[in-house]
4 protein chains.
Amino acid sequence: MIIEMSRGATKDQVDHVVERAHSFGFEVQLNLGTEKTVVAILGSDTGKVQTDAFAVLPGVQSVTRVMKPYKLASREFHSKPSKINVSGVEIGGQRVVIMAGPCAVESEKQLMETARAVKECGAAIVRGGAFKPRTSPFSFQGLEEDALKMLVKVKSDFDIPVITEVLDIENVELIAKHADILQVGARNMQNFALLKRLSKLRHPILLKRGLSATIAEWLTAADYLLAEGNRRVILCERGVRTFEDSVRFSLDISSIPVIKRFSHLPIIVDPSHAAGHFAYVPSIAKAAIAAGADGLLIEVHPNPQEALIDGLQSLTIPDFKRLMTELRTIAEAVGRVI
Amino acid sequence: MIIEMSRGATKDQVDHVVERAHSFGFEVQLNLGTEKTVVAILGSDTGKVQTDAFAVLPGVQSVTRVMKPYKLASREFHSKPSKINVSGVEIGGQRVVIMAGPCAVESEKQLMETARAVKECGAAIVRGGAFKPRTSPFSFQGLEEDALKMLVKVKSDFDIPVITEVLDIENVELIAKHADILQVGARNMQNFALLKRLSKLRHPILLKRGLSATIAEWLTAADYLLAEGNRRVILCERGVRTFEDSVRFSLDISSIPVIKRFSHLPIIVDPSHAAGHFAYVPSIAKAAIAAGADGLLIEVHPNPQEALIDGLQSLTIPDFKRLMTELRTIAEAVGRVI
Amino acid sequence: MIIEMSRGATKDQVDHVVERAHSFGFEVQLNLGTEKTVVAILGSDTGKVQTDAFAVLPGVQSVTRVMKPYKLASREFHSKPSKINVSGVEIGGQRVVIMAGPCAVESEKQLMETARAVKECGAAIVRGGAFKPRTSPFSFQGLEEDALKMLVKVKSDFDIPVITEVLDIENVELIAKHADILQVGARNMQNFALLKRLSKLRHPILLKRGLSATIAEWLTAADYLLAEGNRRVILCERGVRTFEDSVRFSLDISSIPVIKRFSHLPIIVDPSHAAGHFAYVPSIAKAAIAAGADGLLIEVHPNPQEALIDGLQSLTIPDFKRLMTELRTIAEAVGRVI
Amino acid sequence: MIIEMSRGATKDQVDHVVERAHSFGFEVQLNLGTEKTVVAILGSDTGKVQTDAFAVLPGVQSVTRVMKPYKLASREFHSKPSKINVSGVEIGGQRVVIMAGPCAVESEKQLMETARAVKECGAAIVRGGAFKPRTSPFSFQGLEEDALKMLVKVKSDFDIPVITEVLDIENVELIAKHADILQVGARNMQNFALLKRLSKLRHPILLKRGLSATIAEWLTAADYLLAEGNRRVILCERGVRTFEDSVRFSLDISSIPVIKRFSHLPIIVDPSHAAGHFAYVPSIAKAAIAAGADGLLIEVHPNPQEALIDGLQSLTIPDFKRLMTELRTIAEAVGRVI
C-alpha cells in the first residue's frame with residue numbers, strides 16, 4: 001500500500017502511519033519527496049488490510065493499493081490454471097464444456113426432452129433451474145424439490161452431470177445431495193452467508209459475476225468459497241449492468257483474458273442471460289470461445305414460446321444444434337474441442 | 001403493453017399475439033398503421049406479465065411496457081404518503097428522522113458512548129451492525145448475538161429504538177426479537193429468499209437500494225416485502241455504482257423526487273456508505289434533506305481511527321454534533337423539523 | 001409513440017394530445033382503458049419528433065417511443081447490408097478488413113517500417129494518427145500536416161489506403177485531400193458541427209462509438225453523416241465506459257449482433273483502445289471476428305516501449321504477425337477471409 | 001508513480017525502469033520486498049507523464065498514479081477558492097449565482113419576456129442558446145447569429161450579463177464578441193481543438209462535465225482552458241450517464257464536495273438537463289445549494305408546451321418564481337445569499 005501524505009503533514013503524522021503499519025506486522029519505506037512524503041507499506045499480506053485503516057489517519061491524503069485484495073483465487077497463489085473435475089467432465093482443460101438446458105425445469109417431459117437433445121448435440125452438462133430467483137413476487141418461482149428429482153433422473157437416464165442454482169442457505173444440503181455443480185447466481189455473488197455455507201462443502205461451485213461487480217470483487221468473493229479448502233470453483237461471466245439498453249446486460253468479453261491473466265480459476269460464459277434475446281446468443285457464444293472461455297452455459301427450450309421464464313433468451317433445439325456445429329469450428333480454430 | 005409487429009408480419013402472427021393477450025385476460029386494441037401493426041394490450045394487471053411472453057412470438061419486433069412492473073409500492077395503489085410508526089417514532093411525516101451510530105458494534109463501551117451522544121444531539125434512532133457483510137472473508141464479521149444484546153441495552157437505557165441489519169434467513173427471528181427496524185442491505189436487495197421470509201413479519205423493514213438497481217427494480221423488491229400485508233417498509237438510497245472513482249458510490253439525489261412521485265413509501269438517505277469518506281458526508285446529508293428525504297442513516301464513531309470497519313466514512317461525535325445543527329437549519333428551510 | 005395519460009386525466013387533456021399529434025401530421029388511435037387512457041400516435045415519421053413534445057402536455061404521465069429515433073442508418077430504410085468501397089478495398093463484404101498501424105505517426109521511419117510490416121502480414125488499410133486528441137494539454141499532440149504527407153507516401157510506396165482522424169472542422173478539407181477514410185473519434189461522436197461538415201463530403205467516414213453512447217445514439221449520429229447523401233459510413237465499436245477498472249474501456253461485444261440486426265452499415269472493432277493493454281488485444285480481436293465484425297482497427301508499433309502515445313496497447317510487429325495467423329483461422333471458421 | 005514489478009523480475013528490468021524515470025528527471029526510491037520489488041517515482045511533475053511510459057516496460061506488473069493528472073485546476077496549485085468576475089457578478093463568492101432563461105432563443109419576444117421575468121425573480125445572469133447541439137440532424141438547430149443579437153438586447157435593456165453555448169471553433173470569435181460567458185457543452189468537454197481555441201481568450205468560460213467524464217478528467221479538461229493564462233473558468237455539473245432510466249442523467253451531487261476539496265474553481269449545477277423533467281428540478285436545485293454549489297443554471301420558458309427544445313425540463317415563470325423563494329431560504333440556511 002502507498003500512503004500519500006498531505007503537503008505540510010507533520011513528522012508526528014508520518015510517525016503515526018508508520019506505527020500503524022508496524023502494528024499489522026508490515027515493513028515501511030519512507031520516500032521523502034521535496035513536496036510530499038510518501039510511505040510505502042511492504043509485506044505479502046497487505047491485501048488483507050483495508051485501505052481505510054490508513055486513510056483515516058490525520059495528514060493522510062490518499063491510500064493506494066498495489067497488491068490485489070484477493071489471494072486464493074490469484075495466479076500468484078496458484079500459478080497453473082486449475083482444472084476442475086465434475087463427475088468425470090474436466091472444466092478448464094482442452095475441452096470447451098457446454099452446459100445447456102432450460103432456464104427453469106417446468107415438467108419432466110420438458111426437461112427430459114431437452115436433456116436428451118442437448119446431450120446428442122454435444123453438451124457435456126445439463127442445466128435446469130429448480131429454485132428460481134424472480135424479480136417479482138408474482139412470477140413463477142420454480143418446481144423446487146420436484147425439479148431436483150427430475151434432474152436426478154436426467155443424471156441416471158442420460159449419464160450426464162447436472163447443474164442447478166442454490167438460492168439460500170436453507171437448501172444448500174438438499175441441492176448438494178442431488179446436483180453435480182451448485183450455481184451461485186449473480187444477485188447472490190456477495191451473499192456472504194451463502195458463500196460461507198458453501199465453502200464448507202467439497203462440491204464444485206459455479207460463481208456467477210454480480211451484475212455490477214468488478215473483477216477484483218468477483219475474485220474476492222471466490223476467495224470466500226476457497227477459504228475452507230474447497231478447490232473446485234468455476235467462474236461464470238454473465239454480463240454487467242451498463243447504460244446500454246438494447247440488451248439485458250452487456251457481456252464483458254474482456255473479463256476472459258483479464259481472469260486468465262490474474263486468476264487460475266476456469267471461466268465460462270452465459271450468453272443467454274447477458275443477451276436477453278435469442279437472436280444475439282450465437283454471436284456472443286462464438287465470441288466467448290474465440291476469446292478463450294472454458295465453457296458456456298446456454299438456455300435451450302423445446303418450445304420457447306411456451307416457456308414459463310425467459311423464453312425470449314432460449315434457443316430452440318434446432319437452433320442449438322446449428323450453433324453447436326458453429327461452435328465446434330471456432331473451438332478448433334483456437335486449438336480446442338467441444 | 002405495446003407490441004410493435006415487424007414490417008410484413010402476417011395476419012396469423014398478429015392473431016397469435018391477440019390470442020395470447022386474451023389468454024391472460026387482457027383486452028386488445030389494434031393500430032393498423034400504413035407500415036406496421038401495433039397492438040396495445042390493455043388491463044390494470046399487465047405489470048404482472050413479463051414482456052418476454054409477447055416478445056418471443058413470431059413477427060414481434062419489440063414490446064414496450066407502459067405500466068410499471070411494481071404495484072403495491074406505487075402511488076397508484078396507495079395515493080397518500082405512508083407514515084410508518086417505529087416504536088413511537090414516525091417516519092415519513094413532518095419530522096426528518098436521523099438514525100445514527102457505529103457501522104459495527106465493537107464493544108458495549110463503544111456502543112453506549114455513541115448512543116448517548118447521538119441521542120443528545122437529536123438522533124431519533126440508533127444504528128449498529130451486529131452481523132456484518134464483508135467483501136473479504138478475512139475481515140471482522142461482527143459481534144453477532146452479543147451485539148444484539150448491547151442494542152437491547154441501548155433501547156432500555158436510552159429509551160430509543162434501534163436498527164440493525166439482517167444478513168440471512170437464519171437470523172431473521174433472532175434479530176426481529178431485538179431490533180425495532182430490520183435493515184436489508186444493498187447486496188441483499190434481490191435476495192428473494194430473505195425478502196420472502198421478512199414479508200411474513202410485521203416489523204418495520206428498511207430496504208436499501210441495490211448498488212446497481214434501477215428505481216423500478218427497487219420498488220419491485222419492495223413489493224416482495226409488502227406482498228403478505230406488512231405495510232411498514234422504508235426505502236434507503238445509499239448510492240449506486242458508476243464509473244466515478246472519487247467516491248465509493250455515487251449518491252443518486254434524483255431518486256428522492258422520483259420515489260416521491262411514483263411511490264407512497266418514505267425514503268431516507270445513507271450519506272456515509274455513498275461517500276466512503278467523512279469529508280463528503282455533511283454536503284450529501286444536507287443535500288438529501290433539501291431534496292426532500294424523510295431521514296438519514298449516518299455512521300458515527302467515538303474514535304474513527306480505531307474503528308474496525310469503515311472508520312473513514314464515520315463522523316466523530318463533535319463532527320456529528322456540528323452537522324446536526326446545520327441539518328436543523330436545512331430542515332426548517334424546507335418546512336420540516338429534526 | 002404511446003402516450004399514457006394520468007389516472008383522472010380530463011377529456012380536454014386527451015383532446016389536447018390528439019390535436020398536437022394531428023399538428024405533426026400523425027394519426028391517432030385512442031385506447032380507453034378502464035383505469036387510464038392510452039393514446040397511440042401512428043405514422044412513419046414519429047421518430048423525428050421528440051417525446052417531450054407530448055410529455056410536456058398536462059395530464060400526460062409517460063411517453064414511450066416505439067419507433068427508433070434514427071432512420072437512414074436503419075435496416076428498415078435500407079434492408080441489405082451496405083458494402084463500402086474504400087479505394088478498392090470493400091468493407092462489409094466477405095473479407096474481414098484489418099486496419100493496422102501506429103497510434104500516432106511519430107517519424108517517417110517509424111511509419112514506413114510499420115506500414116510495410118502490417119501490409120506483409122495481410123492488413124488491407126494502414127492507420128496512423130496525424131492530429132491527436134489528448135486528455136492533457138501537456139502531452140504530444142501529433143505531427144499534424146507532416147504526418148499527412150508521410151501517410152501519402154505510404155499510399156504511393158505500398159499501394160494501400162490510409163485512415164487518419166479528423167479532430168475539428170478546420171482540418172476537414174486538408175485531411176480529406178490526403179486520407180482514404182476520415183475517422184471521427186469517440187469523443188467527437190456528438191460533435192455535431194464536425195458531423196455536419198463531414199456530411200457534405202463524399203469520402204468514407206469511420207464513426208467511432210462515443211464512450212457512453214447508446215447504440216441508438218450512435219446510429220442517430222450516423223444519420224447526421226448520411227443526411228446529405230454520403231452513403232459510405234463505417235461504424236467502429238471501441239469500448240464503452242463502465243465501472244470495471246481492469247481495462248480502459250469495456251468492449252461491448254453485443255453491439256456487433258445488435259448493429260447487424262438494426263442497421264445496414266458495416267461495423268468494425270478497435271480492440272486496442274478498449275483494452276488499453278496489449279495482453280488483452282488478441283482475445284478481443286478474435287472475439288470480434290467470431291461475433292461477426294467486418295474488420296478490426298489495431299495499433300502496431302515497431303517499438304512500443306518508445307512510443308510517444310499508447311505504447312501499452314500497441315502490438316509489436318512479431319506479435320501482430322502471430323495474431324494475424326490466428327485471426328485468419330477464426331475468419332475461416334465463420335465463413336470469411338482476411 | 002508506483003511501479004510494481006512482477007514476481008521474478010530481473011535486476012536488468014528494474015534498472016530499465018529506473019533509467020526511464022531518470023530520463024524524465026524524476027528521482028527514484030527502491031522498495032525491495034521479500035516477494036516483489038516496488039519502485040517509487042518521485043517528483044512534482046509526475047502527473048504530466050502517462051503511466052503507460054512505465055507499464056510498457058518488461059517485468060512491470062502494474063503502475064499506480066499517486067499524483068493527480070491535472071495541475072492548474074488543483075487546490076495544490078492554487079490553495080484559495082477562485083472568485084470569478086463576470087461583468088460585475090462574482091461567481092464563487094458568498095452569493096449563489098442563478099443563471100436562468102430558455103434552453104434555446106426562439107424569438108425576441110420569448111427571450112425578452114423570459115429575461116425580464118427571471119431578472120425580477122433574482123436571477124443574476126440570463127441564459128439562452130443560439131447554436132444548439134442536437135442529437136438528431138432533423139431537429140431545430142437554433143437561431144444562430146440572430147439569437148446572439150437578441151442576447152445583446154437583453155444585456156442593454158436589462159443590464160444583466162448573458163451566457164450562451166459555443167459549439168465549434170468557427171464561432172468562437174463571434175460569440176466572444178457578444179456573450180459574457182462562453183459555455184462548453186457536455187459533449188464538447190473533450191473537444192480539445194475547441195478547448196485550445198478558447199484558452200487563448202480572456203473571457204469567462206463555463207465548462208460542463210462530460211456525460212461520462214470522471215472528475216479527474218473534467219479537471220484535466222479545465223487545465224486545457226487554464227493553460228494559456230485565462231483564469232476565469234467555471235465548472236458545471238449536469239449529471240452523468242448511469243443505468244438509471246427514470247431521469248435523463250443522474251446528477252452527481254457528490255461532485256460538489258469533491259470539487260471543493262480538490263479544486264479552487266467554482267462549481268455550479270444544471271438541474272434541468274440532469275432531470276430532463278420539470279417535476280424533479282426543484283428538489284435537485286435545492287439539494288445543489290445545500291451541498292455547497294456556487295450557482296445554478298436553470299431552464300425557464302414562458303410556455304414550455306410550445307418550446308421548440310426541451311420543454312419538458314423547463315420551468316414556467318410562476319414555477320421559477322416559487323422556486324427562487326425556496327432557494328433563498330436554503331441559501332440562507334448554508335450562510336449564503338441569492
Side-chain angles (χ1 to χ4, degrees), chain B residues 68 209-219 237 239-262 269 271 274-293 325-335, chain D residues 68 209-219 237 239-262 269 271 274-293 325-335:
Chain B
K68 304 281 186 293
R209 180 179 185 180
L211 46 92
S212 64
T214 63
I215 289 175
E217 289 169 336
W218 189 15
L219 291 175
E237 161 71 37
V240 294
R241 179 144 277 180
T242 68
F243 58 82
E244 175 57 40
D245 56 4
S246 63
V247 286
R248 196 173 288 175
F249 296 99
S250 298
L251 191 104
D252 182 9
I253 194 80
S254 319
S255 69
I256 301 168
V258 172
I259 287 289
K260 289 287 174 199
R261 186 172 176 218
F262 291 111
V269 163
H277 194 292
F278 65 88
Y280 307 138
V281 169
S283 280
I284 300 175
K286 286 185 267 184
I289 294 180
T325 311
E326 295 178 28
L327 294 180
R328 272 202 188 82
T329 333
I330 303 279
E332 279 159 30
V334 293
Chain D
K68 304 280 187 293
R209 181 179 183 178
L211 45 91
S212 64
T214 63
I215 290 175
E217 289 169 337
W218 189 15
L219 291 175
E237 162 70 37
V240 294
R241 180 143 279 180
T242 68
F243 57 83
E244 175 56 42
D245 56 3
S246 63
V247 285
R248 195 173 288 174
F249 295 99
S250 298
L251 191 103
D252 181 9
I253 194 79
S254 318
S255 69
I256 300 169
V258 172
I259 287 288
K260 290 287 175 200
R261 185 173 176 216
F262 291 112
V269 163
H277 194 291
F278 65 88
Y280 308 137
V281 168
S283 279
I284 301 176
K286 285 185 268 184
I289 295 181
T325 311
E326 295 178 28
L327 294 180
R328 271 199 190 86
T329 333
I330 303 279
E332 279 159 31
V334 293

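Model, not experiment: these values are computed from the prediction. Excluded from the calculations below are hydrogen atoms, water molecules and symmetry mates; all remaining heavy atoms, backbone and side chain alike, are included. Throughout, protein chains are lettered first and strands after them, A, B, ... in sequence-line order, and every chain is numbered starting at 1.
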| Structural part of Ala213(B) lying under 4.5 Å from a heavy atom of chain D | backbone

| message | Under a 3.5 Å distance rule, please check whether Glu244(B) uses its side chain to pair with a backbone N or O of Ile215(D) as donor and acceptor. | response | yes

| Part of Arg241(B) within contact of chain D (heavy atom distance under 4.5 Å) | backbone

| Nearest atoms (heavy-atom pairs only) where Ser254(D) meets Leu251(B) | OG-N, 4.0 Å

| request: For residues Pro257(B) and Tyr280(D), report the shortest heavy-atom separation together with the two atoms involved. | output: CB-CD2, 3.7 Å

| query | Out of Lys260(D), Arg261(D), Glu326(D), Lys286(D), which one racks up the most heavy-atom pairs below 4.5 Å with chain B? | reply | Arg261(D)

| request: Counting only heavy atoms closer than 4.5 Å, note whether Ser255(B) contacts chain D via side chain, backbone, both or neither. | output: neither

| task | Go through the atoms of Thr242(B) and report whether side chain, backbone, both or neither lie under 4.5 Å from a heavy atom of chain D. | result | side chain

| message | Quick check: closest heavy atoms across Ala287(B) and Ala291(D), and the distance to 0.1 Å? | response | CB-CB, 4.0 Å

| Taking atom OG of Ser246(D) and atom CG of Asp252(B), what is their separation to the nearest 0.5 Å? | 7.0 Å

| request: Return the option, out of Ile256(D), Val258(D), Ile253(D), with the maximum number of heavy-atom pairs under 4.5 Å with chain B. | output: Val258(D)

